[in-house]
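A short worksheet on the structure shown next.
Every heavy atom of this structure was used, including side-chain atoms; hydrogens, water molecules and symmetry mates were not. We're numbering straight along the sequence, starting at 1.
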Amino acid sequence: MFSPSLTQVSGNASVGATPNTRGRRRQRPANTETLAEQPRAKRQRKPLSEQTFVNPEATLETYEVKSARPSIELKQDGLENPPEVKKELSLRSKKPKTGERIHKGDGSVVLTSNNAFIVSKLPALPDRLRTDATSRQHGTIDPLTGYALNLSQTHAVVWPYSAPTPSPESFVFTLPYPAKNSTDPLPLGSLIAPSASSSEPGLVVVIPTSGKITYWESISSATTLDFMRQQRTGVEDSIPGMFSGETVIQIVNAESAAGFILVFSSGRLAHMSVRDAHGRPKISVQFLRTSLGPSVGGLFGSIRQVLSHAAQGDIAAVRSDRPLKQGERTIVAATSKGKLHAWRIHRGGHHDLLTEFDAREPIIQAIQDRDLSASKYPIESFKIMDFSFVPSVLDSRYSEMSQLRQGPQSADFQHLLLLTSFTGKNICRYNLVEVLLPNGASTESAIVVGMVRPIYNYSTPPDVHALAKPRLYLPRPSVVAFLVFDRAAVIASIARAPDSPDSQLMEDNHILPPTYEDVVDLRDDPTLEIVGSGVEEPQLPGSEEARTHRIKAKNPSAVFLVRGAGTLRATTTDAERFASEKPPKITAKSKLEQAVFFGIKEGNPLVFDVPRELPFSDNEIGDAALELSSDILTSNSPHLTALAPHLENNMQMRVRALDKLMSHLRSLKVDLSRNTRWELLWNAEKLQAARFIWQKHEHFINNRPGDAKKDLVAEVVEFIRNEEKAPRDVARGEVDQLRHFFVHDAHRMNLFLAWAYEVVKYNAKANLDQASLTRLVYEAIEINNGALRDAMAFRKTHLALYGLQGEKMANGILSDNYTGLPAPWTADQYITNNLKRLVELASEWAKENYLPNSPNTPEQVLIQRIRALLPPTIEVYLTAVQELSRWALASENPKYVTIGQTFQATYEADRHDKVVLLAQTANWDAAIKIAEEHRSLAALADILTSQIDSYRKKLEVGGLSSEETAHLEDLMEAKERQVRDSFDKYGKAFAFPFYEHLIRVFGIDAVLEYAGDKLYKTSYLRTKPELAKVSWINDIIGEEDILHAAETLLNIGLAREQQVWNKKIELSLGKLARMAEASRPTSKASASIQEATVNESVADASVDAIDKELAIIKIQDQLYGQIRPVVSVAIDESAELPMAIEEFPVKVPKKYKILSEIFEDGLGRLLRHEALDPLTLIDLLTLIQLKPELKELIPDQFFLAIEVANYGLSGSERDQAERLIWRRCYLREDWTRINNTSLKGDNDIMEVLGTTDLFPVFCVLYANQQSGIDGKPYRRVMPSEALGVYTDTLDKRFKNLDKAYREKLLEAMRWEDKNLKTHIEKHRLEQWARDTRKLAEDAVDHQYDQKTEEGAASQSPVPSRGYGASNGIEANGIH
């Protein structure tokens, strides 16, 4: 294509011959031998035929273009020998039409997506780059041509980056003048728009250190020249006038001006053209007149440049604007410190300076005014990193979308968007700053600073060793900016925020309301780095751009060349949406979705757990995590497929997603609440259980016969009501309800497990054949046991992942601290209830159908499996019930607390009953193990004793061989040893249930005769009040402890015995035993006198209490003795009480019949020989109406009541009881009649007082006082003192009775009190009581005097009822 002879003139190069202008595609000759004779200027396409594959060279993956000369080592200047240029080309596949952008089915892989953008990996990548992921390289993307360029120190690679094939047509060029050192700056290059004679782009490469330039007019022409051994591969030249140490740092495409701008490290700029005025290849370089670098050349200029270019030429970026006119471009250069320069470049390198202005101060001021965080950084750290021209609007509808000032492109000013930074310690604050730079800017016509948009989510300082500098792209329609760094890219919205009061207030304060912003990060891998980038944007419809651009973008996109990964494209899904009323938002859930669904993809170069401050609270992230976890369980996400032909892979992927979710949250160091952590773990457990069930389903159907493939799993899904399952769209082909359930209803595993029993129960009622029902029972047991056990094991192994490693666990559940937690799914009531029934059903089924000596039929094999699965299933059941009860009891809801109490009782009962039930299926060892694990020591004792008894019975049956007998004896001895070991291991926790079982099964004799333990037997008997009658026997026989036996008997008699006769015997025996023990000589020779005195005092006090109780019993017997003759004629015990009530009625008004009820209750207990409490006995004595003939047989009933109060009560309780006794005694008489003394003589009145119930009470009290029988005198309560007793409060017997009952009794007491008060006030009862007392005392004195005179004072006399004129009173002995 080019002339082989190149002539250098004034540092420029031109072609010696005109290029071939014929079409690049022409028919190749049929004879392949002519290929060597006629060099082809263009490679031509021919149709595929058999001959296509004959030539082996045509089938190579790549072609290599070399010079005609052999490879010779280059000299230091690299110019002495012709360059070796390599070109690699894959076999060309069918190209898309020019301008066609492959989108759907383009082979790209989505790496992440959300509601704002999609990042995908394009498939096209040359094999050379795919295998070379560590070398230094950089490149660029050219959407105009549709090609990407990658440059290393030795090669340039060009390929169509959007091609749909993994190994696209690629062009690999060996650079003619590579750098001397591998650490030298990488070559710079640019693709050039296709010439008129070619549809492929051209390429220009500049070596930064040497300034060598190589230009290929068309990359495809280089391939053709491979077959022209005598020609060179491109136009070459070098940059004239470069300073020593000066390097080219940037090449800027300004092709409308037929050239490029070269940026030098010294700060100088040069215009480079690759075509002459006639469009022929020709390289020329011309330096621009600027103030950015040295202005003089020569030796002194070089020295000055070496010393000062670093300070003068701090150029951050140089960019060219879109052309306003053909043949000219506006170029703007920005230094990192804030100086802006603008030129207009014309074809041929002519240029005009438009403006230069130091914008540092106004930019810094604007940033600090609108970004408060920027003020925290030092001003001297300010830098301009990059900038972009603000494009003109595509359409009028876009004019109001952007926060930038909109308007047509103008030649009077430059509309720029700057990427600026302030740097602190390992942190940067980035801002996007809008600048309008007018031509000829000065202090009078300064620049205008518009929008200032802080970057909130990215603050990593740029890497000084990065292969590519940070880049800013602002594609049309100027609503989204792309910031590209070495290991991350920022997508930042600069669209107008929706109108709201908050946004208006922020705008009034010159602060931008927050808009969309997100960061795409590369994985922490040293080979991964963004080494080049480009931008794709929509074009103006019908424009020249739209016609020439090969990449037709509907929405703005940024394309990245990532070393070690390939080509990535970040595409906004809908640019207009950023400026809508509901713009895309970053939500906590969307961030988690990206990390979870794309973070688990193997080979994804992106990472989603970069520690970065998130605009969400921990609670918001926790709620989003729960929502996402639920979506994963239900496959309710666009990232999850609802079609799962291989369901195991589907569930495995979802398990990985849940694991990734938690690991991502941990990497972000989110402080999740305890509830959230547990709920996330429980969701993962459900999916794990679903996985287990599906695996079992696969196993079941494989083992079922061909005509019975419908297993329990399928039946359960069918039985579950449609309202409790995700709906299926049958019209769309969702006909497999089983797979649909496991894809969409994994969160309902608790419901699934509960239904397993219901399916078995239904089939049992439907009279399913036994073999099929056995299989269903087996499958139900297998699923329930395995799923729950697997879930609990999963819980145990994943506690640390979910941040719950500090929780106290036992048997897969929390030991305590359920407060505030939601209900664990494994503790569902439906699961526990139905699992209990399933255990009972399976146990009964195994007992009934297990045939130990039968052949291994399929049914018997299943029965054996059921028997083997019963132990773990019972253990799982007990664990689930225990978990439910613990959780419910910790609830603040009374309803749940009640449920917890119910299930706690169920657990206590079933940890015994179900374990014993397990032993009944001969699973002895398993039952013992479960009993020990759940501390069911009662069940352990039951099982061990039952097993020992089963061995004993076998031995008693006889008919065994000596070996069998010895074996059984050994087994029995081993179990007895295990019992003894359990005594040592568990102590009384085992011993007490053990003895309870012995008593319940074998009787009390088995306990007294058991010799395997002496430590806990006595303790057990002594701590069981109901066994006290046995305990005192053990004390005497086993322990020889007479004193404790006495204390036991006395304790029974004093506190617990209900039968009065038994009580009398126990107290008597206890008193006798105590007296016998007290009479024994002490065994301690060193016992002190003080100790003996104390023991004697204690013994005396105890004997006194016994005597008082015996005295009360004596009084009760006396009262019973008066009633017994009446009831002795009753036909049975049930007739005694009505007969006694009829004989001794309580005469009270019907309104106060509650007194009768109290009397009848006490009377019934008296007839049943119950030991009455003192207050009940007092009620009987004071309310009973004894006939006169009976009164003579016992001491006065009111005096006996006073004695009961004295023996059985103390303190205020005795005082109140005595007042009640006296009040009822006073109320026995008709004081109205007594007080009416009209026409009565003194003797008549005395006779009446002597017949009252009050008279003998005073007589007995005075007689006892005079004879010294009572240690302290009894109190005589006068009528006024008896008032008010029990009118406000009742005695202790009625404390816990209902309020209505107590109120009725108080009314009765007030009625008694009212009657007494009436007698006092109206019938002079107070005076009559004093007179009666004096009369009684005089009668007693007279009786004593009479007896003394007769010499018969051996017995204390008591006057009889009645008073005669001669004082002739008969004595009545005191009993």
Those residues that, when tested against Met653, pass side chain to side chain contact (heavy atoms under 4.5 Å, CB included) (two or more places apart):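 By the side chain to side chain contact (heavy atoms under 4.5 Å, CB included) rule, Met653 matches Ile600, Leu640.
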Between [X] and [Y], a side-chain donor and acceptor under 3.5 Å:
X      : Y      : value
Glu648 : Trp694 : no
Ser673 : Asn675 : no
Ser815 : Arg886 : no
Asn811 : Glu933 : no
Tyr877 : Asn834 : no
His697 : Asp711 : yes

Mind checking whether [X] and [Y] have parallel, tilted or perpendicular rings, split at 30° and 60°?
X      : Y      : result
Phe700 : Tyr778 : perpendicular
Phe578 : Tyr516 : perpendicular
His798 : Phe794 : parallel
Tyr430 : Phe485 : tilted

Which atom pair, heavy atoms only, marks the closest approach of [X] to [Y]?
X      : Y      : answer
Thr826 : Ala880 : O-CB, 3.5 Å
Gln737 : Val717 : O-CG1, 3.7 Å
Ala588 : Ala624 : CB-CB, 3.6 Å
Glu517 : Asn457 : OE2-N, 2.6 Å
Leu568 : Pro605 : CD1-CG, 4.3 Å
Ala657 : Val596 : O-CG1, 3.3 Å

Do the side chains of [X] and [Y] get close enough for a salt bridge, i.e. N-O under 4.0 angstrom?
X      : Y      : result
Glu715 : Lys710 : no
Lys696 : Glu779 : no
Arg487 : Asp463 : no
Arg789 : Glu875 : yes
Lys589 : Asp631 : yes
Asp659 : Arg656 : no

Less than 4.5 Å apart, side chain to side chain, heavy atoms only: is that true for Asn650 and Phe742?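 No, side chains not in contact.
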So, do His639 and Phe598 have ring centers that fall under 6.0 Å from each other?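 Yes - the distance between ring centres of His639 and Phe598 falls below the 6.0 Å cut-off.
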Sidechain-backbone polar pair: [X] side chain, [Y] backbone, donor-acceptor under 3.5 Å:
X      : Y      : value
Thr515 : Ser493 : yes
Asp745 : Ala726 : yes
Lys121 : Ala565 : yes
Arg523 : Val607 : no
Asn555 : Ala575 : yes
Thr572 : Pro556 : yes
Asp609 : His664 : no
Arg775 : Leu862 : no
Lys686 : Leu633 : no
Thr832 : Gln829 : yes

When rounded to the nearest 0.5 angstrom, what is the spacing between [atom1] in [X] and [atom2] in [Y]?
X      : Y      : atom1 : atom2 : value
Ile831 : Leu753 : CD1   : CG    : 5.0 Å
Trp159 : Leu125 : CH2   : CG    : 6.0 Å
Glu536 : Thr571 : CD    : OG1   : 6.5 Å
Arg666 : Leu661 : CZ    : CG    : 12.5 Å
Leu712 : Arg704 : CG    : CZ    : 8.0 Å
Ile701 : Glu698 : CD1   : CD    : 5.0 Å

Does the side-chain contact (heavy atoms from CB on, under 4.5 Å) test come out yes or no for Glu883 and Tyr818, once each step is laid out? CA-CA 9 Å; Glu883 184 178 32; Tyr818 284 84; 3.6 Å; yes
Would you say [atom1] of [X] has more than 12 non-hydrogen atoms from neighbouring residues, nucleotides or ligands within 6.0 angstrom?
X      : atom1 : value
Phe719 : CZ    : yes
Lys709 : NZ    : yes
Glu723 : CD    : yes
Lys601 : NZ    : yes
Asn649 : CG    : yes
Asp524 : CG    : no

Carefully, step by step, assess Asp521 and Leu606 under the rule side-chain contact (heavy atoms from CB on, under 4.5 Å). CA-CA 6 Å; Asp521 295 281; Leu606 305 184; over 6 Å; no
Mind running side chain to side chain donor-acceptor pair (under 3.5 Å) on His699 and Asn703 for me, showing each step along the way? CA-CA 6 Å; His699 174 72; Asn703 291 336; 2.8 Å; yes
Check step by step if side-chain contact (heavy atoms from CB on, under 4.5 Å) holds for Asn150 and Arg128. CA-CA 11 Å; Asn150 181 279; Arg128 183 184 190 92; over 6 Å; no
side-chain contact (heavy atoms from CB on, under 4.5 Å) between Glu593 and Leu628: does it pass, once the steps are laid out? CA-CA 7 Å; Glu593 284 179 329; Leu628 178 56; 3.6 Å; yes
Checking salt bridge (Lys or Arg N to Asp or Glu O under 4.0 Å) for the pair Asp736/Arg739: CA distance, chi angles, key distance, verdict? CA-CA 6 Å; Asp736 189 342; Arg739 291 177 184 273; 3.2 Å; yes
Under the salt bridge (Lys or Arg N to Asp or Glu O under 4.0 Å) criterion, do Arg674 and Glu807 qualify, and how do the steps go? CA-CA 10 Å; Arg674 180 169 178 257; Glu807 300 283 0; 2.6 Å; yes
Intermediate values then yes/no, side chain to side chain donor-acceptor pair (under 3.5 Å), Arg563 and Gln137: CA-CA 8 Å; Arg563 183 184 63 182; Gln137 55 187 263; over 6 Å; no
